[in-house]
Amino acid sequence: MITVYVSRDSAAISLGADEVAVAIAAEAARQGVAIKLIRNSSRGLFWLEPLVEVATDAGRIGYGPVQAEDVASLFAVGLGNAHPLCLGLVEELPYLKTQERLTFARAGITDPVSLDDYLAHDGYKGLKNALAMEPAAIIAAVTDSGLRGRGGAAFPAGIKWKTVLGAEGAQKYIVCNGDEGDSGTYADRMVCEGDPYLLIEGMTIAGIAVGATRGYIYLRCEYPYGERALNEAIAAAYANNWLGANIQGSGKHFDLEVRMGAGAYICGEETALLESLEGKRGMVRFKPPLPAIKGLFGCPTVINNVITLASVPVILDKGAAFYKDFGTGRSRGTLPVQLAGNIKFGGLVEKAFGVSLRDLLHTYGGGTLSGRPIRAVQVGGPLGSYIPESQFDLPLDYEAYAKLNNMVGHGGITVFDDTVDMAEQARFSMEFCATESCGKCTPCRIGSTRGMEVIDRLVAGDQPVKQEALLRDLCDTMLAGSLCALGGMAPFPVLSALNHFPDDFRPRATPA
Amino acid sequence: MSTSTFERKPPIKLAELSSLSPADIATINGVLARLKELPGALLPILHGIQDALGYVPKDAVPIVAKSLNLSRAEVHGVVSFYHWYRTEKPGEHVIHLCRAEACQAVGGRALETHVKTRLGIDFHETTADGRYTLEPAYCLGNCAVGPSLLIDMQLRGRVTSARFDRLIGVSA
Ligand SMILES: Cc1cc2nc3c(=O)[nH]c(=O)nc-3n(C[C@H](O)[C@H](O)[C@H](O)COP(=O)(O)O)c2cc1C
Ligand code: SF4
Ligand code: FES
């Protein structure tokens with residue numbers, strides 16, 4: 001019996017993994033070869049997907065990218081043998097071998113919805129430890145690990161939890177922010193689809209730590225594959241007493257449910273998300289009160305990003321010091337960086353903080369997909385600055401980025417080659433802000449539309465000096481007069497484009 | 001407990017005024033019966049209706065409002081706030097095309113132009129033959145292998161113009 005792995009990750013499926021899996025099953029049947037086909041999570045080496053792995057005594061041998069029509073030839077040489085698509089031992093690939101995978105330790109290894117697989121690969125060790133600890137000790141471990149929110153604002157997770165533990169309330173909630181609206185990011189998606197028990201475990205630990213018995217995962221509706229995997233895993237966790245009443249005989253109770261978003265970027269903002277969970281329009285709330293004091297349905301609520309919560313089990317399993325040992329300055333642990341856009345080797349790179357952008361773009365990313373020079377990279381999603389080559393030695397570190405008005409955010413890195421038109425990108429930032437504004441603040445709602453018009457006139461050469469001054473003015477108004485970071489940070493990509501790439505904003509030569 | 005014939009009546013009287021078929025109304029009532037007790041039930045209910053009917057018909061709004069004890073304006077406000085909900089019946093296939101930055105970086109804008117030209121429609125529109133509805137999306141989490149789209153909620157990556165034509169069964 002030969003064990004063969006083909007990923008069920010949606011990115012792999014988007015490139016033909018389902019067709020490959022079908023072809024493998026059919027070819028095996030036709031040739032009478034006994035195989036066990038496992039639909040695993042993805043390693044996150046997306047340029048190699050669909051990646052087919054074959055278990056051998058030496059380890060898993062990879063082939064990729066495989067298309068359905070390649071399958072017959074894989075069988076012809078014999079599964080596990082040399083073939084033009086053979087990559088050798090997958091875990092020896094430098095891209096993977098040099099990573100520090102703590103949160104993504106199981107990526108590509110396990111069957112996402114198999115609880116047995118999860119348990120056999122260190123799953124639920126963190127929760128088992130947590131069940132034997134006092135709530136305050138769990139929170140101290142999270143605080144000591146240095147873990148900061150991975151959703152964008154980088155707020156220390158332990159401090160947030162402590163506030164909720166100390167808050168009065170008969171009912172408390174754990175809410176997972178799985179809205180992952182930032183372009184260039186997919187780490188949350190990979191956890192939901194590829195390691196759903198990890199998120200369930202992290203949320204359960206959070207619930208026990210702060211005294212919350214109910215949790216919600218707010219998942220964007222653009223992630224139907226994640227929804228299915230999470231619901232399958234939640235059902236299995238209930239069936240095996242990892243959720244519900246008296247978890248594993250501990251006397252602790254935690255209920256968990258998935259709720260789907262409805263295509264509004266602003267619902268990634270924590271207070272808008274809570275409004276949405278309550279069944280309302282996603283309007284941003286004024287703070288205070290903080291969600292930790294008055295959150296979902298007015299109750300004390302921990303709201304954390306998927307990766308924040310998914311980083312908790314390893315901290316409780318291996319200890320705060322183990323986690324804190326990775327990283328630099330006040331940025332501790334690892335960050336799953338997501339290489340996106342025009343990049344040759346696009347994928348997930350989990351590294352300790354401190355790695356340089358240049359390393360990520362070249363050593364890992366291999367430069368652009370088009371083979372042309374990199375001109376700009378947008379880090380941290382649609383509200384992140386466009387970073388020019390001159391800043392590529394910047395170490396990945398929250399403070400180092402903030403110093404230059406850049407943002408680590410959720411760790412998405414979107415690469416553009418030298419054919420990019422930065423005025424067009426700046427205009428898109430304004431357009432996106434206009435489309436997604438919740439409408440509460442005038443600078444965000446109206447200013448963004450004005451911003452598009454001003455950029456149009458600027459590149460048309462209509463009084464350019466005046467238009468540029470107007471654009472900068474508008475950006476200042478948005479920066480100062482917005483309740484949340486949508487209006488308050490949309491100026492960053494615009495201004496960075498204008499400052500680093502001024503030529504793109506000059507009037508266009510009219511075609512002869 | 002027995003029900004007398006006297007008590008037997010359609011669940012919602014409004015049905016008479018609405019454009020909904022009895023089957024649609026039964027579907028909506030089924031979704032309501034299943035989900036209305038959830039805390040914050042409105043979004044799950046609207047998803048349930050759209051998943052079953054393909055859209056949230058305007059005439060569903062008063063039925064949902066009544067069942068949840070909300071005003072029609074509140075329900076309408078929610079339906080119109082969220083880009084995902086549509087109030088017109090879609091075509092046979094719904095395409096969500098990613099417009100966001102990582103897809104732009106690998107030819108997303110050119111693909112968008114091609115798709116609109118090929119289908120002869122803009123975003124939020126349905127082809128005259130009722131085959132396709134085109135919607136914009138802002139990231140599908142497939143940013144390493146774009147440009148990307150969802151067709152009937154199936155994800156496709158590295159979509160070139162030619163691949164798009166094959167997807168919709170047109171040979172260029
Ligand atoms: C416009 C806007 C969009 C946001 N989108 C997301 C998102 O998609 N996912 C996320 O985790 N946080 C997002 N955030 C940040 C959240 O408001 C909040 O800081 C986060 O959920 C807290 O969790 P963390 O501390 O674990 O990061 C967004 C913030 C703003 C202002
Ligand atoms: S900045 Fe924009 S999105 Fe944020 S609260 Fe104000 S109007 Fe809403
Ligand atoms: S930007 Fe298109 S899938 Fe993320």
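Throughout, a chain's letter reflects where its sequence line sits, starting with A, and its residues are numbered from 1.
Looking at A/Ile266, the atoms closer than 4.5 Å to chain B (heavy atoms on both sides) all sit in the side chain, from C-beta outward. Contacts of A/Ser370 with chain B are absent, with no heavy-atom separation under 4.5 Å from either backbone or side chain. Using a 4.5 Å cut-off between heavy atoms, A/Glu431 contacts chain B through its side chain alone, with no backbone atom that close. Both the backbone and the side chain of A/Ser276 have a heavy atom closer than 4.5 Å to some heavy atom of chain B. There is no contact between A/Tyr265 and chain B, counting heavy-atom distances below 4.5 Å. When heavy atoms are compared at a cutoff of 4.5 Å, B/Pro44 approaches chain A solely by way of its side chain, counted from C-beta outward. Both the backbone and the side chain of B/Gln154 come within contact range of chain A, judged by heavy atoms closer than 4.5 Å. The contact between A/Leu277 and chain B is made entirely by backbone atoms, counting heavy-atom distances below 4.5 Å. Proximity to chain A is limited to the side chain of B/Arg163, based on heavy atoms less than 4.5 angstrom apart.
The closest side-chain heavy-atom distance from A/Thr435 to B/His83 is below 4.5 Å. Here the side chains of B/Leu155 and A/Ile13 are not in contact, with every heavy-atom distance at 4.5 Å or above. No side-chain heavy atom of A/Phe46 sits under 4.5 Å from any side-chain heavy atom of B/Cys143. Counting only heavy atoms from C-beta outward, the side chains of B/Glu101 and A/Gln425 approach each other to under 4.5 Å.
If you look at B/Tyr138 and A/Phe432, their ring centroids are closer than 6.0 Å.
The distance from atom CG of B/Leu150 to atom CD of A/Glu222, rounded to the nearest 0.5 Å, is 8.0 Å. Taking OG of B/Ser148 as the reference point, atom CG of A/Leu15 lies at 8.5 Å (rounded to 0.5 Å).
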Kindly determine whether A/Glu424 and B/Arg109 satisfy salt bridge (Lys or Arg N to Asp or Glu O under 4.0 Å), including the steps that lead there. CA-CA 11 Å; A/Glu424 201 171 32; B/Arg109 285 194 175 91; 3.6 Å; yes
Worked verdict on A/Glu257 versus B/Leu38 for side-chain contact (heavy atoms from CB on, under 4.5 Å): CA-CA 11 Å; A/Glu257 198 183 309; B/Leu38 290 178; 4.0 Å; yes
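Here the closest non-hydrogen pair linking A/Cys267 and B/Tyr82 is SG-CE2, 3.7 Å. A/Phe297 and B/Pro39 get closest at one heavy-atom pair: CZ-CB, 3.6 Å. Smallest separation of non-hydrogen atoms from A/Ser14 and B/Asn142: OG-ND2, 3.0 Å.
Interface check for chain A: of the options B/Leu68, B/Val159, B/Leu140, the most heavy-atom pairs under 4.5 Å are formed by B/Leu140. For the options A/Met283, A/Gln338, A/Glu278, heavy-atom pairs under 4.5 Å to chain B are most numerous at A/Glu278. Counting heavy-atom pairs closer than 4.5 Å to chain A, the top residue among B/Val106, B/Leu70, B/Ile45, B/Val79 is B/Val106.
Taking non-hydrogen atoms and a 4.5 Å limit, the residue list of residues 84-92 of chain B in contact with chain A, ordered by number, reads B/Trp84, B/Tyr85. Residue-level contacts of residues 180-188 of chain A with chain B, in order of numbering, are A/Gly181, A/Asp182, A/Ser183, A/Gly184, A/Thr185, A/Tyr186; threshold 4.5 Å between heavy atoms.
A/Glu49 and B/Arg158 are not joined by a salt bridge, as no carboxylate oxygen comes within less than 4.0 angstrom of a charged side-chain nitrogen.
No donor-acceptor distance shorter than 3.5 angstrom exists from the side chain of A/Arg281 to the backbone of B/Glu74, with no hydrogens or angles considered. Looking only at distances, no side-chain donor or acceptor of A/Arg220 sits under 3.5 Å from a matching main-chain atom of B/Gly141. Of the possible polar contacts, one joining the B/His47 side chain to the A/Gly261 backbone as a donor-acceptor pair under 3.5 Å is found.
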